[in-house]
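Have a look at the structure that comes next, please.
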Amino acid sequence: MIPFNVPPFVGDELKYIEQAINLHKISGDGTFTKKCNAWLEERFAAQKVLLTTSGTSALDMAMLLCKFKAGDEVILPSYTFSSTATAILVGGAVPVFVDIRPDTMNIDETKIEAAITERTRAIVVVHYAGVACEMDAIIDIAKRHNLTVIEDAAQAVMSTYKGRACGTLGDFGCYSFHETKNYSMGEGGALLIKNPAYNERAEILREKGTNRSKFFRGQIDKYTWVDVGDSYLPSELNVAYLWAQLQRAEEVNQNRLATWQFYYDAFQDLASAGKIELPSVPPHCRHNGHMFWLKLKDLEERTRFIEHMRGEGIGCVFHYVPLHSAPAGKKYCRFCGEDVYTTRESERLVRLPMYYGMTQHDSAQVVDAAKKFFP
Ligand SMILES: *Cc1c(COP(=O)(O)O)cnc(C)c1O
């Protein structure tokens, strides 16, 4: 049996978890959190990085930092995880969906401007499968309309756009370290902040509305409750697991990219024969091998393909059901413009097994099994 995903494990996780226990510091913001924040800031040239309890809570923080007013609108793709939209609701704004591009499954930057109204405050981009959105065009639109740009870079840790790290391109970036992501701590995430003016309020939101972070740095002599907030600090036990993975970030990235490339090369013949479609990575984007997807003819063929692969002992899964067709999407959001690609392309897409440490023997077996499906 080849599973769809195996949570990443590089070998030193238990050693660092034991260290955290021996340091008698297992709550948040201990030495491992400081080391991870600093590592992420340096590796990605980010002004400020704060580890969080999940990618979702990083998105929630970004939206709260925007200080939306009732009736404000935020543009996002419908082809994404629920968290992208729930965070907008947590921030008190209305999610407005626009269509995606079929080649990358990312938001179609040419459809954004038509969705902007006098209530629009922000654009959330999702770098699907770790392939960056067209950020130059999107940031240009945001500047002209005075909008905040938030990157849902949950899948894009280590990906770049024109040489710059995903997560550092917009005003806020959000990473996920869930067990299904390239680097993990079980449940976890990080908020990346571009403008230092937001640092202090971000720390306060993250620390239950208190200025405790400032107190720990010795900048004030007692701490107090100063603003709204929540608890977004991950436990040192989880962060110790992440620290082991960050130490091996390059190796994990290369390993995933090798599997991705193996699939891509092996499926060229089926793609040229017009039986499947493969992902497209724009030349100015470096992805991180987060996911390998392919597209079949339609929903019916995809359902049969997943069944066939299961029969071969291989876990393949489809992905997002567009949010605008979900019960909460209908209740809280609206779709602007025409849904040309979102529904149609989401119904054709299937994801193949992809995880750190997958052997070439296993990926070859996936390819062989997939090829048996096509007469
Ligand atoms: C995984 C993911 C999230 C949520 O991250 P969690 O860490 O599970 O909260 C949000 N958006 C996208 C696009 C994701 O892939």
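As the structure is a computational prediction, the values presented were derived from the model and not from experiment. Whatever order the structure lists them in is the order used to number ligands and atoms, beginning at 1.
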Would you check the N or O atoms of H178, main chain and side chain alike, for any that come under 3.5 Å of an N or O of ligand 1?
->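 The answer is no, given that H178 and ligand 1 share no N or O pair closer than 3.5 Å.
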Run the numbers for me: atoms of ligand 1, each under 4.0 Å from some heavy atom of V126, listed by number.
->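 Those of ligand 1 that fall under 4.0 Å from V126 are 13 (C).
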Quick one: does NZ or CZ of K181 land under 6.0 Å from the six-membered ring centre of F177, within 45 degrees of the ring axis?
->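 Here K181 fails the 6.0 Å and 45° test against F177.
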With backbone taken as N, CA, C and O and side chain as the heavy atoms from C-beta onward, which portion of Y320 lies under 4.0 Å from ligand 1: side chain, backbone, both, or neither?
->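 Just the side chain.
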For the residue pair F292 and Y263, categorise the inter-ring angle as parallel (less than 30°), tilted (30 to 60°) or perpendicular (more than 60°).
->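 Answer is tilted, since the angle falls between 30° and 60°.
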Is it the side chain, the backbone, both or neither of D152 that has a heavy atom closer than 4.0 Å to ligand 1?
->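 Looking at D152 and ligand 1, just side chain atoms fall under 4.0 Å.
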Do Y161 and H127 have ring centroids that are under 6.0 Å from one another?
->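 Here the rings of Y161 and H127 have centres that are no less than 6.0 Å from each other.
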Parallel, tilted or perpendicular: which fits the ring planes of H287 and W260, with parallel below 30° and perpendicular above 60°?
->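 Tilted: the ring planes of H287 and W260 meet at 30° to 60°.
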Among the heavy atoms of A58, does any lie under 4.0 Å from an atom of ligand 1?
->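 The answer is no, since A58 has no heavy atom less than 4.0 Å from ligand 1.
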What is the ring orientation for F97 with F335, classed by angle as parallel under 30°, tilted 30 to 60°, or perpendicular over 60°?
->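 Taking F335 first and then F97, their aromatic rings sit tilted (interplane angle of 30° to 60°).
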Go through ligand 1 atom by atom and flag the ones less than 4.0 Å from a non-hydrogen atom of S54.
->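 Listed by number with element, the hits are 7 (O), 9 (O).
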Hey, looking at atom 9 (O) of ligand 1, which of T53, T86, T56 has the closest heavy atom?
->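 Shortest heavy-atom distance from atom 9 (O) of ligand 1: T56.
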Provide, to 0.1 Å, the distance between atom 5 (O) of ligand 1 and the closest protein heavy atom, together with that atom's residue and name.
->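 Sorting protein heavy atoms by distance from atom 5 (O) of ligand 1 puts S176 OG, 3.3 Å first.
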Would you mind finding which of H127, Q155, K181 brings a heavy atom closest to atom 2 (C) of ligand 1?
->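 Closest candidate by heavy-atom distance is K181.
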Against heavy atoms of G188, which atoms of ligand 1 measure under 4.0 Å?
->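 Contacts of ligand 1 toward G188, numbered from 1: 7 (O).
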Atoms of ligand 1 close to A154 [distance to a heavy atom under 4.0 angstrom, numbered from 1] =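 What qualifies from ligand 1 is 2 (C), 3 (C), 10 (C), 11 (N), 12 (C), 14 (C), 15 (O).
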With only distance considered, is G55 within less than 3.5 Å of ligand 1 through an N or O on each side?
->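 Such a contact does occur with ligand 1.
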Using the ring of each side chain (for Trp, its six-membered ring), is Y175 parallel, tilted or perpendicular to F44, with breaks at 30° and 60°?
->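 Rings of Y175 and F44: perpendicular, as their planes differ by over 60°.
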According to the interplanar angle, ranging from 0 to 90°, do the rings of F305 and F374 count as parallel (below 30°), tilted (30 to 60°) or perpendicular (above 60°)?
->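 Plane angle between 30° and 60°, so tilted.
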Do the ring planes of Y241 and F9 sit parallel (below 30°), tilted (30 to 60°) or perpendicular (above 60°)?
->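 Plane angle between 30° and 60°, so tilted.
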